[in-house]
2 protein chains.
Amino acid sequence: MEYTVKKLAKLAGVSSRTLRYYDEIGILKPARINSSRYRIYGRKEVDQLQQILFYRELGLELEKIKKIITSSSFDPAQALLDHRRKLLAKRAQLDQLIDSVDKTIAASEGRITMQDKEKFDAFKQRLVDENEKKYGKEVREKYGNNTVEKSNQQVLKMSEAEYEEVQRLEKEMKDELSKGLKTGNPASEAAQKAAALHRQWLSFFWVKYTLEAHAGIAQMYVDDERFTAYYDDEEPGTAKFLRDAVQIYTGAK
Amino acid sequence: MEYTVKKLAKLAGVSSRTLRYYDEIGILKPARINSSRYRIYGRKEVDQLQQILFYRELGLELEKIKKIITSSSFDPAQALLDHRRKLLAKRAQLDQLIDSVDKTIAASEGRITMQDKEKFDAFKQRLVDENEKKYGKEVREKYGNNTVEKSNQQVLKMSEAEYEEVQRLEKEMKDELSKGLKTGNPASEAAQKAAALHRQWLSFFWVKYTLEAHAGIAQMYVDDERFTAYYDDEEPGTAKFLRDAVQIYTGAK
DNA sequence: ATACACCTTTACGCAACGTCAAGGTAAAGA
DNA sequence: TCTTTACCTTGACGTTGCGTAAAGGTGTAT
């Protein structure tokens with residue numbers, strides 16, 4: 001039995017365009033071209049298309065599929081295992097995203113509470129903690145999402161306690177900072193401890209911490225007078241000093 | 001403080017290209033353009049970029065983000081809830097994919113066993129059952145992935161029993177088919193029952209069942225002599241009759 | 001003969017940028 | 001002051017897997 005594009009397309013449940021595309025990228029060539037330049041597919045091509053669609057259902061990219069079905073040396077089992085790992089990574093990422101979104105929603109619902117604490121105003125768009133990042137991944141893999149979600153809910157209920165922790169962290173950081181400021185050396189132990197505490201503090205607000213972003217915000221403390229004023233309140237030069245310490249801490253300089 | 005593209009990019013941890021792109025699509029315009037046509041950003045833009053990146057971390061599309069930050073009537077909370085639903089749907093899809101891949105891997109590991117049953121040869125690329133589709137989704141939502149995965153493992157161990165079930169289904173289908181064949185009416189009760197059984201049977205091999213694909217494969221039974229011979233073995237015309245019955249069952253005709 | 005369903009190739013669109021390319025500008029060092 | 005170096009600009013193609021016209025040829029039924 002021979003098929004034109006439309007017929008084969010209908011048979012396999014794909015579009016004609018798809019078959020032309022598969023021809024174009026060389027993953028499924030027609031058995032022959034007839035005198036009117038029509039693509040004609042045969043039984044062999046039907047079988048191959050079934051294979052292609054099977055792997056497609058599993059989410060593999062067409063290029064991978066091409067390798068699987070054309071190269072005899074290519075190992076389909078290994079390709080599937082690779083693919084599986086990719087899928088698991090994607091799911092883990094998605095899980096994290098969902099958690100972040102959940103927390104943002106929860107935070108926006110409780111926004112009034114948070115607005116009372118005026119110091120959070122500058123970061124009000126970043127009211128998502130990444131607390132779970134520290135242990136969330138492993139726990140999620142070991143005990144499943146349920147466990148993590150329950151724990152997340154508890155964390156959400158703990159937001160008042162967290163606030164205390166944030167306050168404590170900030171105070172401790174400032175203390176270390178003024179200690180370091182006396183030495184004048186941003187590489188000093190106290191200054192570096194302050195930078196580390198600053199990182200912890202930031203982690204309460206940021207969805208995703210990176211060294212670059214940390215260095216960036218420290219720079220902003222100097223560039224943006226609102227922040228400079230806040231940090232220089234007790235001792236002028238504190239913002240600059242913090243920036244220098246963070247630059248060393250993050251390896252930016 | 002004013003920033004050129006590179007400076008702002010570094011501050012925020014994105015690329016210069018990204019900032020130009022954001023300008024291009026109108027989601028973040030520079031405060032002004034200087035005499036050398038350089039983009040100059042101010043404090044307001046820094047704040048807005050922080051907002052954009054925050055939502056970006058949550059996986060929202062730039063167009064959605066644009067609406068959130070430009071239109072005051074647009075509800076960010078609702079947007080987040082919508083987004084959350086999308087993410088959950090994506091995860092469910094991913095979970096299914098992973099299961100399918102797992103089963104395929106398991107099936108390929110046990111391929112030798114399956115190859116003994118020669119009748120499966122024509123479908124050897126589709127050795128993935130979608131059994132779990134029936135109950136997997138709800139269970140997964142109620143009890144988490146762990147439960148489903150355990151159940152899946154049991155299913156895999158049960159493959160011998162499943163094989164019996166598949167055999168039984170095929171026999172039952174053939175019986176109904178020959179009953180229907182005597183009436184000559186593909187819309188008869190027996191013929192339609194056969195089509196339904198055929199669907200069940202297919203569901204053992206297909207990653208994803210669709211009416212179109214079902215109709216397509218029934219057509220192939222007629223077009224492809226290998227299948228025609230198989231179905232017409234006891235009674236000529238059986239393949240055609242099955243196709244007709246399935247076409248009615250799937251609404252293809 | 002005409003309508004209608006099918007076929008062909010060409011090419012833009014999508015999402016969010018990465019990556020040259022070609023050419024102009026600014027700041028720093030010799 | 002000259003030159004290097006680092007930055008800036010716009011333009012345009014590539015990425016993935018097709019959907020969707022557009023413009024024109026073919027096959028078949030009436």
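Just so it is clear, the model here is predicted, and its values are computed rather than measured. Residue numbers begin at 1 in each chain, while the letters A, B, ... track the order of the sequences.
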Between [N] atom [atom2] and [X] atom [atom1], what is the distance in whole Å?
| X | N | atom1 | atom2 | result |
| --- | --- | --- | --- | --- |
| Leu60(B) | dA15(C) | CG | P | 14 Å |
| Leu28(B) | dA16(C) | CG | C1' | 15 Å |
| Ile33(A) | dG25(D) | CD1 | P | 19 Å |
| Arg37(A) | dT26(D) | CZ | P | 8 Å |
| Arg39(A) | dC6(C) | CZ | P | 17 Å |
| Ile40(B) | dT25(C) | CD1 | C1' | 12 Å |
| Lys64(B) | dA16(C) | NZ | P | 10 Å |
| Glu24(A) | dC12(C) | CD | P | 14 Å |

Has the side chain of Tyr38(A) got a donor or acceptor atom sitting under 3.5 Å from an opposite partner on the base of dG27(D)? no
I would like to know whether His83(A) and Tyr55(A) meet side chain to side chain donor-acceptor pair (under 3.5 Å); could you show each step before the answer? CA-CA 11 Å; His83(A) 185 53; Tyr55(A) 284 116; over 6 Å; no
For the residue pair Asp223(A) and Gln219(A), confirm or rule out a side-chain donor-acceptor distance under 3.5 Å. yes
Check: Asp82(B)/Gln78(B) side-chain N/O donor and acceptor closer than 3.5 Å: yes
Could you say whether Glu61(B) or Ser36(B) is positioned toward the 5' end of DNA chain C, judged by the nucleotide with the nearest heavy atom to each? Glu61(B)
Closest heavy-atom pair, Gln51(A) versus Ile69(A), reported as atoms and distance to 0.1 Å, is OE1-CG2, 3.3 Å
Just say parallel, tilted or perpendicular for the rings of His214(B) and Tyr249(B), cut-offs at 30° and 60°. perpendicular
Give the ring-plane orientation class for Tyr221(B) versus Tyr231(B), where under 30° counts as parallel, over 60° as perpendicular and anything between as tilted. tilted
Looking across every strand, which nucleic acid part, if any, lies under 4.0 Å from Glu63(A) by heavy atom: base, sugar-phosphate, or nothing? nothing
Among residues 1-23 of chain A, which ones have heavy-atom contacts with DNA chain C below 4.0 Å? Thr4(A), Val5(A), Lys6(A), Arg17(A), Arg20(A)
Could you check Lys44(B), Arg39(B), Lys7(B), Arg32(B) and say which one makes a salt bridge (charged side-chain N to carboxylate O under 4.0 Å, His left out) with Glu2(B)? Arg32(B)
Quick check: on DNA chain D, is the nucleotide nearest Ser35(A) upstream (toward 5') of the one nearest Ile25(A), or the reverse? Name the residue that is more 5'. Ile25(A)
